[in-house]
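Report on one structure; see the data block that follows.
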Amino acid sequence: MNSDNKKCNFHYSARRAVNFAALGASLLSALFGIFFLFWILKDVVVSGFPAINAAFFTELPSPPGVEGGGLANALLGTLMITVIATVIGVPSGILAGTYLSEYGRKSRFAFAVRFLSDILVSAPSIVVGVFVYAILVKPFKGFSAIAGAVSLAIIMLPVVVRTAEEMLKLVPDSTREAALALGAPHWKVTVHIVYRGALRGIITGVMLAVARVSGETAPLLFTSFNNSFWNFKLTEPTATLTVSIFNYAMGPYEDWHQKAWGAALLITVLVLSITIISRLIVRGRTQQ
Amino acid sequence: MEFSGRHKSARFDDALFKGVTFFFALLVVLLMVFIFIILLKESMPAIRQFGLGFLYTNEWDPVQQRFGALSAVYGTVVSSIIAIVIAVPVSLGIAVFLTEMAPKRLRVPVGTAIELLASIPSIIYGMWGLFVFAPFLAEHVEPLLIRYLGFLPLFRGTPLGIGMLPAGFILAIMIIPFISSVTRDIFLMVPPMLKESGYGMGATKWEVIKNIVIPFARSGILGAVILGLGRALGETMAVTFVIGNSHSISASLIDPATTISATLANEFTEAVEDIYLSGLVELGLLLFFITFVALALAKLMISRFSYKGERIG
Amino acid sequence: MRRLIAVFTIALFLTAGIVCGASAAVINGAGATFPYPLYARWSFDYAKTTGLKLNYQSIGSGGGIKQIRSKTVDFGASDAPLTARELAEYGLIQFPMAIGGVVPVVNIKGVTAGQLKLTPSALAGIYLGEITRWNDKRIAEINPGLGLPDEAITVVHRSDGSGTTWIFTNYLAKVSKGWEKKAGFGTSVSWPAGVGGKGNEGVATYVKRMPNTIGYVEFAYALQNKLVHVKLENRGKKFIEPTAASFAAAGQGADWKGTPGFSVILTDQPGKDAWPIAGATFILVYKNPDDCVSAKSVLDFFDWSYKNGAASARALDYVAIPKNVYDIMEESWAKEIKCGGKPLWKM
């Protein structure tokens, strides 16, 4: 829009060259990012696909030297721990977000909560693992699924708090006032009107939070630990896909590497599809 | 819904509901405080025994039970700096591309693709780094670095494909989506009036970006960079796979090193003696503190730009 | 509102119910990576025949000792024997389950298994960072005719606490004054040189992947990975090939009965065919366990494994403990492990 061909002097063409180079560099930057995305995805798919078979989803891991086996217990463990983490983290996060958006608003306390949530969102997850080891594993004498779930819930909490608040804030105050004017108590307005209005946004936030924690490894290493068998008890060590990837990838056996890639493919597909679906939901809303 | 009558009970319910939401909001604060306290409590033995020396001694000797954090802190900081040096120009480029250059139809898919990089679990980065990227670096990239840049002490050593440089590079890829998405949002907040007046004076696109957009967005960009830094400092799994886990400080970026998070992942379940464990927890505390400061700074800088909080996802 | 409260209460009770309703059915153990393939195999077979589950995770010997001490597992496993004093202090007893060897492995172009010979001083020199190239005189003169490349040596060691490291460094400290002074021995030491890999697996992966490396792994890992092992000179000045037989030879001369707490160290043994870096791997349990049911299950499992697992041990290149050692061991179970004052194990 700014090209002015009449001023075709040397100075201007130098500037145009710089402009061209700079914009070219920005194009290259974007290509750089996309290149690595596809490089990583390509390797995960190519190396992981051969490992995916029926046994992978139905059988327990076999010991070194015994062919076959799968990661069925780790798959279940990941599901179980993520679900429990969601059950703990999501209601807490939504309620805290409700406070920020409905009651706290501009108070100092609300500012502090927002500030700390934003920091917790990016806090090193391994430190959360150390923390949960100190409060749940050591005192109760045992690695457990619940300890893993609690550390994931802690990682989830600030994400849900902030999304819930943002989404609740999008509900216009006039809606609240209309309901309040009808004589409804504040809590009822929040639960029946505000939550309903923000539902889609909150669900999206929750999905993103779930996607984020289901790929976590570091906080599970010394909380939910690992298990070579099925485990349905919250108080016992539990296998997860991510910890299995860590152990298998570091292992010497070709068969293990293959399984690690298989698990990597599974978890990547899971996480990416949740992310993409939640993005589509968001786009659906903004287009309405 | 019974909207009428029963005022008393409604008022009680209201107070209860408010109380419950307040409790959970307080939980976030308490959690933060509690994490600090627990880490501090568990690291007290090490703090008492090593004092401030823990911060500047380089020894990590489980046999003699002498611990110093320097090599881990050094590795954490240097790998993050490498990540920032690579990620910042690329992220700015991506933000420029997405806001100023790309045709409308490409903006969403390209933006989404970049942000998908952020949702790949870090263990996948680690595994890919070890199995694919490290051999690639060892065969094709590091020998060239050593041959042509080997006169610098930074690039001396054996091409292993694992070490400080590979870790920093992988971290860069991981933080690019964070920096670029925040920067893009900030670029979008630059008032169009300012840009239009730049174009009106005959400036090229690049000149408008360089002289108007970037200065205007400076503090926000700085915040985005520190946000990325905070991410890089605390990243664990990806780094653990590719950094080489060596408690030594080497001038060469090709040599293996370690970070606080990698040390924790490797040694936490293994530490037998109480003082060893306590030293590890103190490392964790240190990491928590460093990232806290970095992220708090980032938050302040971004919020000065009237930008509310981190974009999620 | 009441409905909300009700839902919350029910959720709380449900969670509590699931948590409290659990009881021990799986035995959990953690520790040494060296016997991991063996225990995993035994546990696999044990579960098939008895339906009882034993979950063993290889996290390193240091981890095994720590986790049993903080009682997060039912038994610990370690390649580094605790001293009798430590055992008394922690209230633990230990018993050996298998004998194995630690093997230096290399990745040098053109060198195949058993071709490279090393003396104790050459090995120590490499790990001390004093010998830095493969064609160094000190290596070349014991390997005439083997075209060693003019390449830098990359030393690989363990990044985690490990009994394999304990055995390996214990050996180095015995044969090299310089090593004893500079690094000493332990489950993890302050390494003068090299890269760290996590677990035997990690070291094996690095050595496999990177040219001109030397590392040390437990023998079974070397075989599984088809890594190139070296021949090592023992006390009798003989270059020994690592085999199950040469590990057993190292175990033969040891005084199992007279050493309190089975703290037998098998490195640098005098036997003429003894592999110099051999060691036993140990199980750690409490003398007065809090959870008697799990403690008994642990003993049952190892008793079963000793009686039924010798063949699978051989198949995985481990040496099962000799009969006489098993007898002493069972005696110590019966004598020392007590539950509420009564012996837990009846012979």
Side-chain angles (χ1 to χ4, degrees), chain A residues 2 4 15 18-19 22-23 25-27 29-30 32-34 36-37 40 43 92 95-96 98-100 103 112-113 115-119 121-124 126-127 130-131 134-135 159 161-163 182-187 208 211 215 217-218 221-222 242 245-246 249 264 267-268 271-272 275, chain B residues 1 3-4 10 13-14 17-18 20-22 24-25 27-29 32 35 38 42 90 93-94 96-97 101 110 112-114 116-117 119-121 123-124 127-128 132 173 176 199 202 204-206 230-231 234 236-237 261 264-265 268-269 281 284 287-288 291-292 295-296 299 309-310 312-313:
Chain A
N2 61 320
D4 189 346
R15 280 170 56 204
V18 170
N19 184 46
L23 296 181
S26 91
L27 175 67
S29 305
F32 178 87
I34 294 171
F36 276 99
L37 177 71
I40 294 170
D43 282 319
S92 321
L95 286 170
T98 308
Y99 181 82
L100 295 182
Y103 301 102
V113 173
F115 187 78
L116 292 180
S117 305
D118 283 347
I119 288 173
V121 165
S122 302
I126 188 137
V127 173
V130 173
F131 169 69
I135 61 162
V159 184
V161 171
R162 297 295 277 137
T163 338
L182 287 174
H186 198 157
W187 73 267
L208 286 175
T217 315
L221 285 177
F222 24 84
T242 45
I245 294 176
F246 184 60
I267 204 94
T268 308
V271 171
L272 290 194
T275 312
Chain B
M1 290 183 217
F3 277 166
S4 59
D13 286 354
D14 255 347
F17 188 72
K18 186 178 174 185
V20 170
T21 59
F22 177 78
F24 282 102
L27 197 66
V28 176
V29 180
M32 197 72 160
I35 291 179
I38 290 281
E42 298 280 319
V90 175
I94 291 173
V96 167
F97 180 81
M101 224 192 117
V110 172
T112 311
I114 301 291
L116 281 187
L117 274 178
S119 58
I120 295 179
I123 183 121
I124 310 284
M127 195 178 156
W128 177 81
V132 181
I173 301 172
I176 281 171
Y199 290 132
T204 60
K205 240 180 203 184
W206 168 242
R231 285 267 166 180
T236 308
M237 297 324 291
S261 50
L264 284 178
F268 191 78
T269 48
V281 179
L287 178 63
F288 196 55
T291 46
F292 185 95
L295 294 167
K299 171 86 171 104
E310 187 197 352
I312 289 161

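Every chain is numbered from 1, with letters handed out A, B, ... down the list of sequences. Quantities reported herein were computed from a predicted structural model and do not represent experimental measurements.
Of the listed residues (A:V161, A:I126, A:V127), the one with the most heavy-atom contacts under 4.5 Å to chain B is A:I126. Heavy-atom pairs under 4.5 Å with chain B were tallied for A:S92, A:S29, A:A123, A:A25; the largest tally goes to A:S29. Between chain B and the options A:V271, A:L221, A:I40, the largest number of non-hydrogen pairs under 4.5 Å is found for A:I40. Contacts with chain A were tallied for B:I123, B:V96, B:L116; B:I123 has the most, counting heavy-atom pairs under 4.5 Å. Ranking A:L100, A:V18, A:D43 against chain B, the residue ahead of the rest is A:D43, based on heavy-atom pairs under 4.5 Å. When the candidates A:I245, A:L37, A:I135 are compared by the number of heavy-atom contacts under 4.5 Å with chain B, A:L37 comes out ahead. Of the listed residues (B:F97, B:W128, B:F292), the greatest number of heavy-atom pairs within a distance under 4.5 Å of chain A belongs to B:W128.
Panel note: side chain B:D14, backbone A:H186; a donor-acceptor pair is recorded below 3.5 Å. Between the side chain of B:T236 and the main chain of B:G234, a donor-acceptor pair closer than 3.5 Å is present.
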### Query
Would B:I94 and B:I176 count as a side-chain contact (heavy atoms from CB on, under 4.5 Å) if you check the C-alpha gap in whole Å, the side-chain angles of each, and the deciding distance to 0.1 Å?
CA-CA 9 Å; B:I94 291 173; B:I176 281 171; 3.6 Å; yes

### Intermediate values then yes/no, side-chain contact (heavy atoms from CB on, under 4.5 Å), B:V110 and A:I34
CA-CA 8 Å; B:V110 172; A:I34 294 171; 4.0 Å; yes

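With a 4.5 Å cut-off on non-hydrogen atoms, A:Y103 touches chain B through its side chain but not through its backbone. Only the side chain of B:I114 comes within less than 4.5 Å of a heavy atom of chain A; its backbone N, CA, C and O stay farther away. Contact annotation for A:A264: both backbone and side-chain heavy atoms come within less than 4.5 Å of a heavy atom of chain B. In this structure, chain A has a heavy atom under 4.5 Å from the side chain of B:T112, while its backbone stays farther away. Of the atoms belonging to B:S261, heavy atoms from both backbone and side chain fall under 4.5 Å from chain A. Residue contact with chain A, scored on non-hydrogen atoms closer than 4.5 Å, involves the side chain of B:I173 exclusively. In this structure, chain A has a heavy atom under 4.5 Å from the side chain of B:V132, while its backbone stays farther away. Looking at A:F32, the atoms closer than 4.5 Å to chain B (heavy atoms on both sides) all sit in the side chain, from C-beta outward. Only the side chain of B:I38 comes within less than 4.5 Å of a heavy atom in chain A; its backbone stays farther off. Proximity to chain A (any heavy atom under 4.5 Å) is shown, for B:L264, by both the backbone and the side chain.
Shortest non-hydrogen contact noted between B:M127 and A:A249 is CG-CB, 3.9 Å. When all heavy atoms of B:G93 and A:S26 are compared, the closest pair comes out as O-CB, 3.2 Å. In plain terms, the two heavy atoms of B:M101 and B:K205 that are nearest each other are CA-NZ, 4.3 Å. When every heavy atom of B:I124 is checked against every heavy atom of A:I267, the shortest pair comes out as CD1-CG2, 3.7 Å.
Note: A:F222 and B:F268 have tilted aromatic rings, judged against thresholds of 30 and 60 degrees for the angle between ring planes. Between B:F17 and A:W187, the ring-plane angle classifies as tilted under the 30° and 60° cut-offs.
Applying the side chain to side chain contact (heavy atoms under 4.5 Å, CB included) criterion to B:V29, with sequence neighbours excluded, gives A:F109, A:V113, A:L116, B:V33.
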